[in-house]
Student: 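Have a look at this one.
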Amino acid sequence: MKTKKSQGFLVDLHVHTDVSPCGHQSLKECLLTASQVGLKVLAITDHFSVKAASIYSSINFNGKLTPVFGMEYSAPEGDFLLFVPGKIPFFKRGLRAYEVLAEIKRRGGLTIWAHPFRWGNVPDETLLEEGLVDAIEVLNGRNSPQENFMAWELAEAFDLPKVAGSDAHTTEELGIIANLSPEPIKDLMDLMRVIRKGLLEPIILSPSLKRIYKHLEIKDCK
């Protein structure tokens, strides 16, 4: 995992606002902070909701940042970030992942398996074998290093694009982890294209988190 910031455009694919019951930042606070820490694209992925998209149309935001709106859906098999051109369809809670992911794919959307090993989850690899997942979140700001390492290995095993997300629920968590894009992203279609092509590079921006991962790398080499 890269820990050094280099030339490119910073993208965060996994952020929650106070639309999520566990979120503690308004959409405007989130956008302002993200812009201040240098993010160029911010994906709002509230739990089971796309309400933030309608809130965005009512706020005055002139920051140099492109917001895109997706959703995080929690299924028995795990949590998934969903992005669809146009409006994400309504999914009732409790559905199996296959049903949700297949519908997103049918609509030309993109799916990311978020923190696939959190809380001891064992990913159902059938979903990967059937091509229902476009990318795997291998660097999550709220994961343990071990959970992130296991996700990285899963992406490697299935030759899937690797992406990162801060999973920020507060403004303080923005700018800790991101993706580096080699080209600008102006909208959701651009974002889906660079993800599918594997152009995003997960990176650690937080100095303290960099030290933790560096320490682990040194220990692994001994």
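Only a predicted model underlies this, so the values are computations on that prediction, with no experimental measurement involved.
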Student: Under the rule for side chain to side chain contact (heavy atoms under 4.5 Å, CB included), what residues qualify as partners of Lys162, not counting sequence neighbours?
Tutor: Val138, Trp152, Ala155, Glu156, Pro202
Student: Under 3.5 Å, side-chain donor or acceptor atoms of residues 85-97 against the rest of the protein: list the pairs with distances, not counting sequence neighbours.
Tutor:
{"from": "Arg96", "atom 1": "NE", "to": "Glu77", "atom 2": "OE2", "distance (Å)": "2.9"}
{"from": "Arg96", "atom 1": "NH2", "to": "Glu77", "atom 2": "OE2", "distance (Å)": "3.0"}

Student: Go through the steps for Val100 and Phe80 under the test side chain to side chain contact (heavy atoms under 4.5 Å, CB included), then give the verdict.
Tutor: CA-CA 9 Å; Val100 174; Phe80 301 88; over 6 Å; no
Student: I'd like to check the side chain to side chain contact (heavy atoms under 4.5 Å, CB included) partners of Glu129; sequence neighbours left out, ordered by chain and number.
Tutor: Glu125, Thr126, Phe158
Student: Under the ring-ring contact (aromatic ring centres under 6.0 Å, His included) definition, can you give me all pairs with a residue in residues 26-50, not counting sequence neighbours?
Tutor: His16-His47, Phe48-Tyr73
Student: Classify the ring geometry of Tyr56 against Phe69: parallel below 30°, tilted from 30° to 60°, perpendicular beyond 60°.
Tutor: tilted
Student: Please name the residue in the list Val11, Leu10, Leu65 that meets the side chain to side chain contact (heavy atoms under 4.5 Å, CB included) test with Val41.
Tutor: Val11
Student: Walk me through whether Leu128 and Leu154 qualify under side chain to side chain contact (heavy atoms under 4.5 Å, CB included).
Tutor: CA-CA 10 Å; Leu128 304 175; Leu154 183 66; 3.8 Å; yes
Student: Classify the side-chain pair Ser74/Asp79 by whether it contains a donor and acceptor separated by less than 3.5 Å.
Tutor: yes
Student: To the nearest 0.5 Å, what is the distance between CG (Leu82) and CZ (Arg107)?
Tutor: 11.5 Å
Student: Is Leu39 linked to Ile185 within one hydrophobic cluster, defined over Ile, Leu, Val, Met, Phe, Trp and Tyr using a side-chain heavy-atom separation of less than 4.5 Å?
Tutor: no
Student: Is there a donor-acceptor pair closer than 3.5 Å between any side-chain N or O of Asp12 and the backbone N or O of Leu42?
Tutor: no
Student: To the nearest 0.5 Å, tell me how far Cys30 SG sits from Glu173 CD.
Tutor: 10.5 Å
Student: Is it the case that the side chain of Asp167 and the backbone of His14 share a donor-acceptor pair, with hydrogens and angles ignored and the cut-off at 3.5 Å?
Tutor: no
Student: Can you hop from Val194 to Leu110 via hydrophobic side chains spaced under 4.5 Å?
Tutor: yes
Student: How long is the span from the CD1 atom in Ile136 to the CD atom in Glu153, to the nearest 0.5 Å?
Tutor: 11.5 Å
Student: Are any of the side-chain heavy atoms of Gln36 and Leu174 separated by less than 4.5 Å?
Tutor: no
Student: Mind checking side chain to side chain contact (heavy atoms under 4.5 Å, CB included) for Ala135 and listing every partner two or more places apart, or none if nothing turns up?
Tutor: Ile112, Pro161, Val163, Ile195
Student: Give the cluster check for Ile44 versus Val19: same hydrophobic cluster or not, with ILVMFWY residues linked at side-chain heavy-atom distances below 4.5 Å.
Tutor: yes
Student: Run the numbers on Leu13 and Thr45 for side chain to side chain contact (heavy atoms under 4.5 Å, CB included), then give the verdict.
Tutor: CA-CA 8 Å; Leu13 292 176; Thr45 52; over 6 Å; no
Student: Is Glu130 paired with Lys105 through a side-chain N to carboxylate O contact shorter than 4.0 Å?
Tutor: no
Student: Is a side-chain N or O of Asp46 found less than 3.5 angstrom from the main chain of Asp18, in a donor-acceptor match?
Tutor: no
Student: Can you tell me how far NE2 of His24 sits from CD of Glu29, rounded to the nearest 0.5 angstrom?
Tutor: 12.0 Å
Student: With sequence neighbours excluded, tell me which residues meet ring-ring contact (aromatic ring centres under 6.0 Å, His included) with Tyr98.
Tutor: none
Student: Distance check, rounded to the nearest 0.5 Å: Asn148 atom CG versus Ile177 atom CD1?
Tutor: 6.5 Å
Student: Could you state the interatomic distance from NZ (Lys40) to CZ (Phe9), rounded to the nearest 0.5 Å?
Tutor: 8.0 Å
Student: Leu188, Val15: one ILVMFWY side-chain cluster at the under-4.5 Å cut-off?
Tutor: no
Student: Count I, L, V, M, F, W, Y as connected when their side-chain heavy atoms are under 4.5 Å apart, and connections chain through other members. Are Val84 and Met71 then in the same cluster?
Tutor: yes
